[in-house]
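Remember, it's a predicted structure, so these values are computed and weren't measured experimentally.
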Amino acid sequence: AVMPMQISAPVYYAKEMKLDKEYGLDIELVLFSSGATMNEALASNEYDVAPIGGAGIFGVANYDGIYIADYQYLTGGDAIFAQKGSEALNATGSNPTYPDIKGSAETVKGSTILYTPGTTSQMLVSKWLTALGIGSDEVNLLGMEYAQTLQAFEAGEADFACMCSPYIFSADDAGYERVADIETLDMINVHSIMATRSAYENKKEALADFVNMIYDANEQMMSDWDTYTEWVKKWYETNGAEITDED
């Protein structure tokens with residue numbers, strides 16, 4: 001299972017470079033919109049294995065997924081944006097543990113926040129609200145898929161919106177400012193590899209080969225920054241997203 005974001009670029013690289021054949025595999029890429037929809041497909045065995053982000057914990061807890069490995073540690077990617085002119089942008093210092101986040105209880109309570117339930121987006125919003133001393137019942141949390149969040153935010157449907165890459169770059173370009181992100185909230189975004197119960201019980205050797213293949217792909221992609229950039233861009237462009245070297 002793959003999604004149209006950086007998280008799946010190593011799988012795409014492995015397939016394009018025929019690393020799967022080197023490891024005795026023949027992988028097929030099944031596209032999902034996010035980790036949340038990957039989780040929902042676990043029970044019907046629509047795939048065997050999913051490199052997945054923070055959503056993986058929901059797959060393990062609620063859908064009988066099996067957590068088999070970690071494969072990426074990211075310090076960027078997800079961010080929460082405020083509408084232009086928001087009072088929250090001028091509120092700093094609410095929590096000295098996270099001195100670079102913006103917002104306060106006074107400027108955020110009662111607001112509407114767009115996010116993608118069951119993903120890292122939910123985790124980021126939760127930590128931001130906690131850092132500001134706000135309970136989830138004191139705001140209006142409006143869930144939708146990543147791809148629709150920026151459009152809804154630009155239409156004025158919410159006061160804040162949490163997005164992931166590549167949508168954060170479009171939000172930056174549109175002039176929206178961040179109130180918090182993975183870095184300012186001191187979070188490490190761990191991407192894991194999750195298998196279905198069926199694959200874990202019946203294809204264990206193949207899963208081990210898949211993990212080794214992904215580690216090999218990671219090493220090759222990260223051999224130099226140009227190679228990494230090239231393949232992440234190719235994966236985004238394959239899925240219809242515009243992304244620059246600067247992004």
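Applying the side-chain hydrogen bond (donor to acceptor under 3.5 Å, both in side chains) test to every pair with at least one member in residues 209-218, sequence neighbours left out, gives these pairs: Tyr23-Asp216, Asp216-Gln220. Here salt bridge (charged side-chain N to carboxylate O under 4.0 Å, His left out) pairs that include residues 55-70, with residues two or more places apart or in two chains, are Asp64-Arg197. Among pairs with a residue in residues 29-48, those fulfilling side-chain hydrogen bond (donor to acceptor under 3.5 Å, both in side chains) read Ser33-Thr37, Ser33-Glu145, Ser34-Glu145, Ser44-Glu46, Asp48-Lys203, at least two apart in sequence or across chains. For the salt bridge (charged side-chain N to carboxylate O under 4.0 Å, His left out) condition, the pairs that include at least one residue of residues 109-128, sequence neighbours left out, are Lys109-Glu138.
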request  = List the steps and the verdict of salt bridge (Lys or Arg N to Asp or Glu O under 4.0 Å) for Lys233 and Asp247.
outcome  = CA-CA 9 Å; Lys233 283 180 64 179; Asp247 294 334; over 6 Å; no
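The ring-ring contact (aromatic ring centres under 6.0 Å, His included) check on Phe210 picks up nothing, with sequence neighbours excluded. Asp26 pairs by the side chain to side chain contact (heavy atoms under 4.5 Å, CB included) definition with Lys15, Asp20, Lys21, not counting sequence neighbours. With sequence neighbours left out, Tyr228 forms a ring-ring contact (aromatic ring centres under 6.0 Å, His included) with Trp225. With sequence neighbours excluded, the residues satisfying salt bridge (charged side-chain N to carboxylate O under 4.0 Å, His left out) with Asp172 are Arg178. Take Asp224 and apply the side chain to side chain contact (heavy atoms under 4.5 Å, CB included) test, not counting sequence neighbours, and it matches Asp226, Thr227. With sequence neighbours left out, the ring-ring contact (aromatic ring centres under 6.0 Å, His included) criterion links Tyr146 to no other residue.
Between the side chain of Gln122 and the backbone N or O of Gly118, at least one donor-acceptor pair lies under 3.5 Å. Between the Trp235 side chain and the Met5 main chain, a donor and an acceptor come within less than 3.5 Å of each other. In this structure, Ser8 contributes its side chain and Val11 its backbone to no donor-acceptor pair below 3.5 Å. Formation of a donor-acceptor pair under 3.5 Å by the Ser86 side chain with backbone atoms of Ala82 is not found in this model.
With a 4.5 Å cut-off on side-chain heavy atoms, Lys102 and Glu177 count as touching. For the pair Phe169/Glu246, no side-chain contact is recorded, criterion being any heavy-atom separation below 4.5 Å from C-beta on.
No side-chain N or O of Thr184 forms a donor-acceptor pair with one of Asp100 less than 3.5 Å apart. A donor and an acceptor atom, one from each side chain of Thr116 and Thr119, are nowhere located under 3.5 Å apart.
Distance check, rounded to the nearest 0.5 Å: CG of Asp159 to CG of Asn140 gives 9.0 Å.
Taking the centre and axis of the six-membered ring of Tyr12, the NZ or CZ atom of Lys234 falls outside the cone set by 45° and 6.0 Å.
Side-chain heavy-atom separations under 4.5 angstrom define the hydrophobic clusters, and the remaining members of the one that includes Ile57 are Phe58. Grouping Ile, Leu, Val, Met, Phe, Trp and Tyr by side-chain contacts under 4.5 Å, direct or through others, puts Val108 with Ile80, Leu89, Tyr98, Ile101, Ile113, Tyr115, Met123, Leu124, Val125, Trp128, Leu129, Leu132, Ile134, Val139, Leu141, Phe160, Val179, Ile182, Leu185, Met187.
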